[in-house]
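Residue numbering restarts at 1 for every chain, and letters A, B, ... go by the order of the sequence lines. These figures come from a predicted structure and were not determined experimentally.
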There are 2 protein chains.
Amino acid sequence: MNLNMQQFKADFFKALAHPLRIKILELLAEGEKSVNELQSLAGSEGSAVSQQLTILRGKNIVTGTKDGNRVIYSLRDPMIVELLSVAKQIFNNHLVDTISMLDQMKE
Amino acid sequence: MNLNMQQFKADFFKALAHPLRIKILELLAEGEKSVNELQSLAGSEGSAVSQQLTILRGKNIVTGTKDGNRVIYSLRDPMIVELLSVAKQIFNNHLVDTISMLDQMKE
DNA sequence: TATATATTTGATTATTTGAATATATATAAA
DNA sequence: TTTATATATATTCAAATAATCAAATATATA
């Protein structure tokens with residue numbers, strides 16, 4: 001596997017490395033939604049959601065289709081749901097470690 | 001799920017969002033390795049591998065144990081292998097799209 | 001004109017990178 | 001044993017690059 005492939009994978013994970021983008025993907029995992037719905041559900045104002053959707057679109061992670069006034073977004077690949085699920089398992093496994101580590105840092 | 005949890009997840013993915021860190025994780029997926037071995041196998045000079053291992057350690061993704069002169073690293077959770085595997089499936093699904101997109105950009 | 005969405009912009013903050021330096025262990029010579 | 005030296009790994013630093021954020025502006029449809 002060459003450097004380009006590594007860079008490609010890194011870029012993919014980078015697309016997930018943002019709290020609002022994570023939130024958007026979790027919402028889209030439930031089903032397709034308009035930008036407006038995503039804004040409400042994510043509790044986000046202004047153009048923040050639109051900006052992050054642009055990044056997710058650029059990495060082919062979501063796709064948007066026009067419906068009159070609105071744009072409906074959905075996940076391009078159901079495996080994204082699987083990916084988030086595996087990630088969640090890893091979080092759960094190590095959450096205790098990390099939280100105790102954070103507690104130590106406070107001292 | 002609150003903002004902290006979203007941030008926590010984003011930070012986890014951020015730890016994967018670097019070509020050398022991806023390479024290191026793929027190598028460790030085969031089995032534990034010393035820093036020196038990782039450097040050789042990744043074709044990386046200087047302190048780059050050590051720097052990235054520090055980041056992976058900080059996120060509890062890898063763990064290092066001293067063995068005399070050396071430090072042996074391994075994955076903290078075998079689910080990381082699963083995560084990389086799911087990610088690879090997603091890449092494969094959309095690689096064609098992305099490559100054709102890159103081709104378009106060149107023109 | 002109103003609503004939904006996207007793009008641009010610029011200031012701020014974070015990350016990357018390579019080079020230099022530091023630390024720890026091992027080995028060998030005196 | 002002490003001293004010197006080599007090897008492995010980690011840390012620090014500053015410059016370059018990239019990402020974030022909010023505000024302003026633009027576009028498209030109703």
| How is Gly68(B) classified with respect to the nucleic acid when contacts are heavy atoms under 4.0 Å: base, sugar-phosphate, or nothing? |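 Here Gly68(B) touches the backbone only, sparing every base.
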- request: Go through the steps to decide whether Leu20(B) and Ser44(B) satisfy the test side-chain contact (heavy atoms from CB on, under 4.5 Å), and finish with yes or no.
  value: CA-CA 9 Å; Leu20(B) 184 49; Ser44(B) 174; 3.9 Å; yes
To the nearest Å, give me how far apart [atom1] ([X]) and [atom2] ([N]) are.
{"X": "Gln7(B)", "N": "dT13(C)", "atom1": "CD", "atom2": "P", "result": "16 Å"}
{"X": "Leu20(B)", "N": "dT16(C)", "atom1": "CG", "atom2": "C1'", "result": "11 Å"}
{"X": "Ile55(B)", "N": "dA14(C)", "atom1": "CD1", "atom2": "C1'", "result": "11 Å"}
{"X": "Asn36(A)", "N": "dA2(C)", "atom1": "CG", "atom2": "P", "result": "17 Å"}
{"X": "Ile24(B)", "N": "dT16(C)", "atom1": "CD1", "atom2": "C1'", "result": "14 Å"}
{"X": "Leu53(B)", "N": "dA10(D)", "atom1": "CG", "atom2": "P", "result": "7 Å"}
{"X": "Arg70(A)", "N": "dT5(C)", "atom1": "CZ", "atom2": "P", "result": "7 Å"}
{"X": "Leu56(A)", "N": "dT7(C)", "atom1": "CG", "atom2": "P", "result": "14 Å"}

If the cut-off is 4.0 Å, is [X] near the phosphate of [N], judged by side-chain N/O to OP1 or OP2?
{"X": "Lys66(B)", "N": "dT25(C)", "result": "yes"}
{"X": "Ser50(A)", "N": "dT5(C)", "result": "no"}
{"X": "Tyr73(A)", "N": "dA6(C)", "result": "yes"}
{"X": "Arg21(B)", "N": "dT16(C)", "result": "yes"}

request  = Identify which nucleotide among dT11(D), dA6(C), dT5(C) has an atom closest to any side-chain atom of Arg57(B), counting heavy atoms from C-beta outward.
outcome  =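 Within the option list, the nearest is dT11(D).
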Ignoring the backbone of Lys14(A), work out which of dA6(C), dA19(D), dT15(C) is nearest its side chain.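 For Lys14(A), the side-chain atoms sit closest to dA19(D).
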Problem - Opposite nucleotide pairing with dA30(D), Watson-Crick or G-U, both atom distances under 3.5 Å - result: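 In the structure as shown, dA30(D) has dT1(C) as its Watson-Crick or wobble partner.
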**Message:** Any heavy-atom pair between the side chains of Val62(B) and Leu25(B) that's under 4.5 Å?
**Reply:**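 Side chain of Leu25(B) against side chain of Val62(B), heavy atoms only: contact under 4.5 Å found.
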Going by heavy atoms in the side chains, are Leu38(B) and Leu28(B) under 4.5 Å from each other?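 In contact.
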Practice problem: Please tell me which of Asn69(A) and Gln39(B) maps to the more 5' nucleotide of DNA chain D, matching each residue to the nucleotide holding its nearest heavy atom. | Solution: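 Final value for this comparison: Gln39(B).
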Item to complete: Go through the side-chain N and O atoms of Asn93(B) and Gln89(B) and say whether any donor and acceptor fall under 3.5 Å apart.
Response: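 Asn93(B) vs Gln89(B): no donor-acceptor pair found between side chains.
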task: If the plane angle is over 60° it's perpendicular, under 30° parallel, otherwise tilted; pick one for Phe91(A) and Phe13(B).
output: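 Phe91(A) and Phe13(B): perpendicular rings.
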Hydrophobic clustering (ILVMFWY, side-chain heavy atoms < 4.5 Å, transitive) - are Val71(B) and Leu27(B) grouped together?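 In one cluster: yes.
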Please list, pair by pair, any protein nitrogen or oxygen found under 3.5 Å from a nitrogen or oxygen in nucleotides 17-20 of chain C.
unit_1	atom_1	unit_2	atom_2	d
dT17(C)	OP2	His18(B)	NE2	2.6
dG18(C)	O6	Gln51(B)	NE2	2.8
dA19(C)	N6	Ser47(B)	OG	3.2

query = Using 4.0 Å as the upper bound for N to carboxylate O, is an ion pair formed by Glu26(B) and Lys9(A)?
reply =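 Yes, charged N to carboxylate O under 4.0 Å.
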